[in-house]
Amino acid sequence: MGDYSTTPQEEAPFPLTDTDKWVLSLTDEEYAYHTWDDLKRIIETNDLAALKRKPSDLRRYLKWTAETKVQYGSMTEYLLVHRLPKIWGKAPFTPVSNVPFADPSDYRVLMNDWPYGFVPGITHIVVWSRTPIPTDPETGDLTAESRQTVADFVKRYFVDAIGPGGEDKVLWFKNWAALQSVRALEHFHVLVRDVEPSLLQKWTAEQECHRSKH
């Protein structure tokens with residue numbers, strides 16, 4: 001694969017933001033890692049294009065994405081083969097419930113294989129959904145109702161599991177369409193800090209409903 005620090009955007013395997021292009025001009029030593037306060041500000045202001053990976057990780061992600069698309073035809077196909085429940089079948093999916101996160105078989109919680117560049121102690125999780133999460137057709141961003149649906153799920157699944165103080169250890173966001181590197185599969189991102197590995201394992205464990213017909 002080419003040197004993506006000089007590759008035109010149209011040749012990259014997914015659209016590069018201005019932040020991506022800037023990061024590709026840096027070395028890892030020049031890179032400033034996202035802190036928790038930084039992430040809170042970015043998410044609160046919906047400045048999601050400011051999220052960035054470590055330069056070496058971004059270069060590897062671009063190379064891996066390009067190679068994966070050649071091998072599987074699309075990122076969607078790779079994820080369906082290797083990461084998401086086989087019972088989901090092929091897109092477009094037929095969810096058990098048309099309400100996002102109402103049925104456990106309709107969502108899958110996984111560690112992000114290619115996280116953004118954080119200071120130590122922050123973990124990047126992705127929640128994949130076979131039920132569509134409605135967005136505003138004008139902006140590609142979540143509707144007010146969808147935002148509340150996701151927030152309620154995050155509280156129930158992540159915050160409450162942590163216990164007292166959990167609300168200070170969990171952030172979430174959903175990239176609008178223009179920022180998504182995997183657009184065909186519904187998903188949003190969860191960031192947690194200082195969480196025990198056993199809890200991370202519990203959240204991301206495959207459930208029985210993912211292995212057998214509902």
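Hydrogens, waters and symmetry mates play no part in the numbers below; they use all other heavy atoms, side chains included.
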Report the C-alpha separation of Val170 and Val190 in whole Å, then their side-chain angles, then the decisive distance to 0.1 Å, and conclude whether the side-chain contact (heavy atoms from CB on, under 4.5 Å) test is met. CA-CA 7 Å; Val170 181; Val190 177; 3.9 Å; yes
Ignoring hydrogens and angles, tell me if any N or O in the side chain of His189 forms a donor-acceptor pair with the backbone of Pro115 under 3.5 Å. no
Taking C-beta and beyond as the side chain, do Trp114 and Thr65 meet within less than 4.5 Å on heavy atoms? no
Is the backbone of Glu206 close enough, under 3.5 Å, to the side chain of Arg211 for a donor and an acceptor to pair up by distance? yes
Could you label the plane-to-plane angle of the Tyr61 and Trp64 rings as parallel, tilted or perpendicular, counting under 30° as parallel and over 60° as perpendicular? parallel
Leu39-Tyr33 co-clustered via ILVMFWY side chain contacts under 4.5 Å: yes
Whether the side chain of Glu77 engages the backbone of Ser74 through a donor-acceptor N/O pair (distance < 3.5 Å, no angle test) should be reported. no
Testing the 3.5 Å rule here: is there a donor-acceptor pair between the side chains of His82 and Tyr72? yes
Is there a continuous path of hydrophobic side-chain contacts, each under 4.5 Å between heavy atoms, that joins Val192 to Val127? yes
Please round to the nearest 0.5 Å and tell me the distance separating atom CD of Glu167 and atom CD1 of Ile162. 9.0 Å
Where does the angle between the aromatic ring planes of His34 and Tyr31 fall among parallel (under 30°), tilted (30 to 60°) and perpendicular (over 60°)? perpendicular
Nearest-0.5 Å distance, CG of residue Leu51 to NE2 of residue His124: 8.0 Å
Strictly distance-based, threshold 3.5 Å: is any side-chain N or O of Arg83 a donor or acceptor partner for the main-chain N or O of Tyr78? no
Quick check: do Trp22 and Asp20 have side-chain heavy atoms less than 4.5 Å from each other? no
Classify the side-chain pair Thr35/Asp37 by whether it contains a donor and acceptor separated by less than 3.5 Å. no
Linking I/L/V/M/F/W/Y whenever any side-chain heavy atoms sit under 4.5 Å apart, do Leu185 and Val109 land together? no
Is the ring pair Phe188/Phe101 parallel, tilted or perpendicular, if the boundaries are 30 and 60 degrees? perpendicular
Point-to-point distance, once rounded to the nearest 0.5 Å, from CZ of Arg147 to CZ of Phe173: 12.0 Å
To the closest 0.5 Å, what do you measure between CZ (Phe118) and NZ (Lys54)? 12.5 Å
Val96 and Ser105: which non-hydrogen atoms are nearest, and at how many Å? CG2-OG, 3.5 Å
Aromatic ring pairing Phe158/Phe153, orientation class (parallel under 30°, perpendicular over 60°, tilted between): perpendicular
Would you indicate whether the side-chain heavy atoms of Asn175 and His187 approach each other to under 4.5 Å? no
Has Asp106 got a side-chain atom pairing as donor or acceptor with Ser97's backbone, closer than 3.5 angstrom? yes
Electrostatic pair Arg41:Asp38 at N-O distance under 4.0 angstrom: yes
Within the side chain of Lys86, is there an N or O that forms a donor-acceptor pair under 3.5 Å with the backbone of His210? no
Which heavy atom of Lys174 sits nearest to which heavy atom of Leu48, and what is that distance? O-CD1, 3.5 Å
Output field: ring centroids Tyr157/Trp172 closer than 6.0 Å: no
Got a donor-acceptor contact below 3.5 angstrom from the Ser146 side chain to the Thr135 backbone? no
Contact check, side chains of Ile125 and Met111, non-hydrogen atoms, under 4.5 Å: yes
Say whether, by atom type as modelled, one donor and one acceptor occur between the side chain of Lys69 and the main chain of Pro13 under 3.5 angstrom. yes
Looking only at atom types and distance, does a side-chain atom of Glu186 sit under 3.5 Å from a main-chain N or O of Ile133, one as donor and one as acceptor? yes
In terms of heavy-atom contacts, does CD of Glu30 have more than 12 from other residues, nucleotides or ligands at under 6.0 Å? yes
Between Ser56 and Asp28: side-chain donor-acceptor atoms closer than 3.5 Å: yes
Verify, without hydrogens or angle tests, whether Arg193 (side chain) and Asp168 (backbone) share a donor-acceptor contact under 3.5 angstrom. yes
Please report the C-alpha distance between Ile43 and Leu191 in whole Å, then the side-chain angles of each, then the deciding distance to 0.1 Å, and finally whether the side-chain contact (heavy atoms from CB on, under 4.5 Å) criterion is met. CA-CA 11 Å; Ile43 293 170; Leu191 308 176; 4.2 Å; yes
Atom pair CD/OG1 of Gln148 and Thr143 - distance to nearest 0.5 Å: 10.5 Å
Side-chain heavy atoms nearer than 4.5 Å, only ILVMFWY residues, links allowed to pass through others: does that put Leu171 and Leu200 together? no
Applying a strict under-4.5 Å side-chain criterion to I, L, V, M, F, W and Y, I'd like to know whether Trp203 and Leu84 cluster together. no
Considering all heavy atoms of both residues, which atom of Val23 and which atom of Arg59 are nearest to each other, and what is their separation? O-NH2, 4.4 Å
Is there side-chain contact between Leu80 and Phe93, with at least one heavy-atom pair below 4.5 Å? yes
